[in-house]
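Naming: A, B, ... by sequence-line order, numbering from 1 per chain. Every value quoted in this text rests on a predicted model; they were computed, and no experiment measured them.
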Amino acid sequence: MSDYRILNTRAPRVDAWDKVTGKAQYTDDLKRPGMLYGAILHSPIGHGKILNIDTSRAENLPGVKAVITWKDVGTQPYGVSPARYDETIFCFDKVRYVGDEIAAVAAIDPDIAREAVNLIRVDFEPLPLVLDPLHAMDEGQSQLHEMYDHNICAKVNWNFGDIEEGRSEAAILRTDSLSSKMQDGAFMEPQSILAEVDGADNLTMWSSTQAPHYIQRTIAMALNHPLHKVRVIKPAVGGGFGPKASCSTAELAICMLALKTRRPVKFTFDREQVFLHGRARHQFHHTMTTGIHRDGTLAFLEHKCILDGGAYASFGIATVYYAGSLLGGPYRLKNMKYDGYRVVTNKPACGAQRGHGAVIARALFEVQLDRLAEELGMDPVELRLKNVMEAGETTCNELFVSSFGMKEALEAVRDSAAWKRKRGELGQTRANGTGIGAACGFFVSGAGYPIYRSKTYHATVVIKLEEVGGGVTVFSGAADIGQGSDTVLAMITAEELGVELNDIRVESGDSSRSVDLGAYSSRTTLMAGHACREAAQDVKRQILQAVATRLEIPPESLEIKAGKVISLTGEIDFSEIRREFLQEHKGFMDTPEGPELTFREASRIAFLELGSVVGTGKYKPPPLGGSFKGATVGTSPAFGCSAQIAEVKVDLETGEVSVERITGAHDCGFAINRTQVEGQMQGSMMMGMGEALMEQKIFDSEGRILNRNLAEYKIPTSLDMPHLESIIVESNEPNGPYGAKEVGEGAIMPVIPSILNAIYDATGVRIDELPVTPERIVEALQKKKLENEL
Amino acid sequence: MKKIISLTVNGKVVEVAVEPGRTLLELIRDDLNLPGTKLGCGLGDCGSCTVLMDGIPTFSCLTLAIQAEGCRIETVESLSQDGHLSKLQEKFIEKGAIQCGFCTPGMLMTSTELLRRNPGPDEHEIREAISGNLCRCTGYQKIVEAVQGHSEEGEK
Amino acid sequence: MALPKFDVLCPDSLDEACDMLESHASEGIKILAGGTDLLVNIKLPVIAPRAYVLESSTSQLVSTHSEELWKDHSGPLAPPSPAYLLSLHRLRNELERIEELPDGSLLVGALTTARTLQMSELVRLKWAALAEGADALGSPLVRARGTLGGNICNARPAADLFVPSVALGAKLGVVSIHGYEVIDASEFALAPGKTRLQSGQILVEIVYPASPPGTGSAYYKLAQRKALDISVVGAGVRLTIDSLLKITSVSLALGAVGPTPIVAKTVIDVLLGKKLDDSTLKLAATAAASDATPIDDHRGSALYRKQMIEVLTRKILTTAYLRARRSL
């Protein structure tokens, strides 16, 4: 057990009370006096030139206060990566996917706003659609953007080590492929936006976002509004998982409507619009050739991937890099070649989603490891154990792992799930409908660099003591989107200051509170955690200094423990301070007692000595990574790793898969909050399982999503999910606060491949297209039967 | 044309004029100012809008306010009394059944009804009962544990 | 997805309901029971089901949807926006009931919810296919609102209460101002969403034939997830055996493999007078598959569906036969 009082416990979430009573305020719960309601006009076709936009009938509808198109907002390009600013707030020359935004309306009620949108007439000249990512690069295909020759939005050609040498040395090599489908974040809270402007042109936007900082910058840039006059506030957010990390047209349009009408404007996505907007997981087509030595050590990996990115770049540049870079770990792999192509097609833009870029690549590589193990006659867990990296090693693509509990995690799941008993005795694939499969994963703990080129701190935190004494407020820009970062900040502050969690208030998710790049790339605990610790220590130093000054003793002789200031050098007489405090509080009934000085008294003394006491903390990673093109993507101050074992039952007649149990272990360095670490692991298991077995956006031949609702975009229900066993591994990360690193995204890495490997064990067939639907299993089983008969 | 309906919401009789197409959810959130009940999909798929209608878990987004006339509605706001959380709410906090919290009100209402009808549900019964309430954060594990934890200790 | 504008009528009696249906028939009126299907179906999507090709232009132009354009077009482009919904919620006392009639048949009121069916021990004991259909329908929240009458009248080929009702040989009692009429469940649906129900008629009760000793039934739904899903294929069966364990009557219905729930007629000849052994099972499965006309859609291919009919037929026949033996 740790020496900490609050850290490493199962402390309740600081927002839990609000959330169980229905008092937590999400953006759509907010109301402002005189508020208008927004609506957005989306393109009904996938690709076409805009010939004419007629808004006159909408403008004349009673109750409509503003109608805006590109003519009102201009055509300033924006996007996520400065090198790929390929979006404009509204389409002006052409539309590129079903759902592309053309106009927006503000009206006195939502029905009128919707009606007005339907009165806008847009004439298009349809253009040929590009829907198949595998042919998007072909000659003669329609071009989506002038800036993307052959519809290639980004490409990566990496060569680490010597792939040919690896090939010549390998005893066994095999080539496999795996493709996936576009995903949806399927967070429960649809995006919602409320914007308001005051008399000094200060624009405040409340939004269901993961990254107030980037959104603030994008709004200022795209709307040409002074950056310091844009404030983005994130109320309670009902999940994000990636798609809420980029600025949306809706956010920009609603701000513009507020500026134009000078009234508050609110807009909440319909669930259908969540699907239309997308920005979730790309569609991946991976092909890998992996070579292995006779003893089971890896020789090389040659990897090619085509990513369907939809109509715009969004986070896609990072995605195509991540798809290659994160295969550098968690195994020792000297030689790796990667060719990645992100193409644009006439579908909703894809962006980041939990396990950004790396999930399907990981799935195929882990499947390959199992297949190679089978050919070698080796236990797949043993094969992995033979190759796992250890702390202090650097991958072939120059990622340094400073802590690494990969081996511990893998052994933990192996033992907890009784792998050897369940799998070992039965030997090779059973194909009797019962299967067990293992896999590992590897992920960044915060991106090493910001999205725009800058020397900015990634996170700063300001902690202020209540002048009256006793209370502590943490100001942070960090975005708690449900993962629990507010609780992490409160726990760190309480631990450092020696006070109770209840004494800490967290004001976060607000661009005016501090800088924080946002909840993405699994970074908040490490980065904001560092900044918070530093700020708390700053405050503590000031308190102890003030008390020490009063007592005329050295501050080093004092410490705060469990809400009391104690002396490290024998008893000290606090009675003078106590007397002064009591004098100030005549008539108060809760005055301090006992021989020790309370935090409340000490912090009041600090105010009397110093005025308002404020502590600050900051964090940015040191320069990381290699010097090759794209070397920044994949860098991180720390890397998380995880292992998982899935057990499945497959009905060999219908192909129905039932996941019976998942056992996962994740190395989070150090669990600030054990319950929340498990929660992240379990949520990852669910999202990975959905992607493995049922989740996919299905498009028709016109580029429309057929299943744009939660009835037919299927995420697992409570009945689909098995019992989830989550094991926390703590490797004490030297670059993390208290040894902590990520869990939010890394935990999804092994989920899909462990299920795929278990299904193979259960059926004897491999499916190379996700999701693994019952139909695909039946088809594969029949094909195999036919082959056996021939 | 608006119709006047009368119903009981969290123990209070409410008489209100509603448009025929007004949903029970809109009535609760917008007219009665009880925003704890959430709109997640509007199609009865996600369960975020679950309230109890005459004691039965009901998606308020697909129920017209008019259909609720004369009914007894309970929302998440009714679960805590005088600032005291119900045992189930406490268990949700203790077990970590909450992450983003958007499904939580619906989850609580569905589980509350389950526990009224079956005070000692087993894991499968809990999973069955909440299978119409989607949660994207928790993998359901800690929600199941919270409901189980409640039934093991009983209502205080 | 927002609801269109409509008015809601709330009759206090069945007679009043019939009058209202009749008097508003020409303006467009739909019957609202639980609303789990109807309210979803009439919601207006953000993106119209089809973009509008304006034929008048010389070049091929496409325009955004607007209510005007919607109104200009008839047929499949027009959203089903009824002027009136006839809500039956005040008729619950009359139309929500489960009752075993003196002749052993089962009467279920049209407003009985799937949840109530699930909880009825009587239904589970003697009309298991219906209870299992209720188990399979949507989610607990859908089952709490969705009614037997609504599920049948909505006439989706995959409907989880309709398919077992067809298998169980249900008779549908329908009223209008012109009187009472009985329609066979197996003949009720004409096409997806289309039934024999005439304008002015309301389905009020569903009667399931008695379940004498030696009778068993079962329903199985194949879907991608374990709750909240639409069947890829559904199959229900009811059979009766004699003391020699030979099948004396059988009725098998298939869901999601044709435009309506399908009665697998050729199965009857295969099974009548037989004991259920492996070879009979196999023949019956093949026969059932030959009766279906599935299509390819995003939920499954026609080929997979055909194959699954065979699998499901074997599963439900085995279960129903076992139940029949137990009830002898």
Side-chain angles (χ1 to χ4, degrees), chain B residues 1-5 7 18-26 39-71 103 106-107 109-111 113-114 117-118 124-134 140, chain C residues 1-12 30 32-46 81-93 96 111 113-116 118-119 135-147 150 223 225-230:
Chain B
M1 204 181 57
K2 286 194 175 182
K3 286 188 164 49
I4 293 176
I5 57 167
L7 65 168
V18 294
E19 290 287 347
R22 194 108 179 124
T23 63
L24 178 58
L25 177 66
E26 289 166 332
L39 172 62
C41 72
L43 295 171
D45 298 325
C46 77
S48 302
C49 66
T50 307
V51 299
L52 301 187
M53 183 156 122
D54 287 340
I56 294 175
T58 300
F59 32 54
S60 57
C61 78
L62 267 195
T63 302
L64 297 180
I66 287 177
Q67 290 177 291
E69 67 173 334
C71 291
C103 77
M107 254 336 153
M109 298 319 289
T110 300
S111 317
E113 189 269 343
L114 167 69
R117 132 174 89 82
N118 176 3
H124 182 77
E125 288 169 329
I126 297 168
R127 289 186 182 276
E128 171 70 39
I130 63 171
S131 61
N133 293 78
L134 295 176
Y140 307 101
Chain C
M1 306 272 286
L3 284 171
K5 293 224 180 337
F6 50 75
D7 199 2
V8 178
L9 306 173
C10 307
D12 286 299
K30 290 249 179 201
L32 175 65
T36 57
D37 287 312
L38 178 66
L39 294 180
V40 171
N41 292 344
I42 64 175
K43 281 200 170 184
L44 304 169
V46 174
S81 288
Y84 292 96
L85 299 189
L86 181 85
S87 177
L88 301 182
H89 66 273
R90 291 183 186 166
L91 306 184
R92 272 193 296 252
N93 287 343
E96 185 171 10
L111 288 185
T113 63
R115 178 183 156 109
T116 307
Q118 266 188 301
M119 289 179 167
D135 294 340
L137 178 71
S139 74
L141 294 166
V142 174
R143 300 196 283 271
R145 296 290 298 157
T147 64
R225 57 179 169 181
K226 292 177 186 166
L228 208 62
D229 213 347
I230 295 164

Using the salt bridge (charged side-chain N to carboxylate O under 4.0 Å, His left out) criterion, which residues pair with B/K3? Sequence neighbours excluded.
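Scan of B/K3 (salt bridge (charged side-chain N to carboxylate O under 4.0 Å, His left out), adjacent residues dropped) gives C/D7.
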Side chain, backbone, both or neither: which part of [X] has a non-hydrogen atom closer than 4.5 Å to chain B?
{"X": "C/L228", "result": "side chain"}
{"X": "C/L38", "result": "neither"}
{"X": "C/L39", "result": "both"}
{"X": "C/T36", "result": "both"}

The criterion is side chain to side chain donor-acceptor pair (under 3.5 Å); which residues satisfy it with C/D229, sequence neighbours excluded?
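Listed in chain order: A/K714.
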Charged N to carboxylate O below 4.0 Å: is that the case for C/K5 and B/E19?
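Answer for the salt bridge query: no.
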B/E128 bridged to C/R115 by N-O distance under 4.0 Å:
no
Residue pair C/L85, B/I66: steps toward the side-chain contact (heavy atoms from CB on, under 4.5 Å) verdict
CA-CA 11 Å; C/L85 299 189; B/I66 287 177; over 6 Å; no
Give the C-alpha distance, both sets of side-chain angles, the deciding distance and a yes or no for side-chain contact (heavy atoms from CB on, under 4.5 Å) between C/R145 and B/M53.
CA-CA 10 Å; C/R145 296 290 298 157; B/M53 183 156 122; 3.2 Å; yes
Could you please spell out the steps behind the side-chain contact (heavy atoms from CB on, under 4.5 Å) verdict for C/L141 and B/L62?
CA-CA 10 Å; C/L141 294 166; B/L62 267 195; over 6 Å; no
In terms of heavy-atom pairs under 4.5 Å with chain B, which of [options] leads?
{"options": "C/A227, C/P140, C/A144", "answer": "C/P140"}
{"options": "C/S139, C/A2, C/G35", "answer": "C/S139"}
{"options": "C/V8, C/L3, C/L88", "answer": "C/V8"}

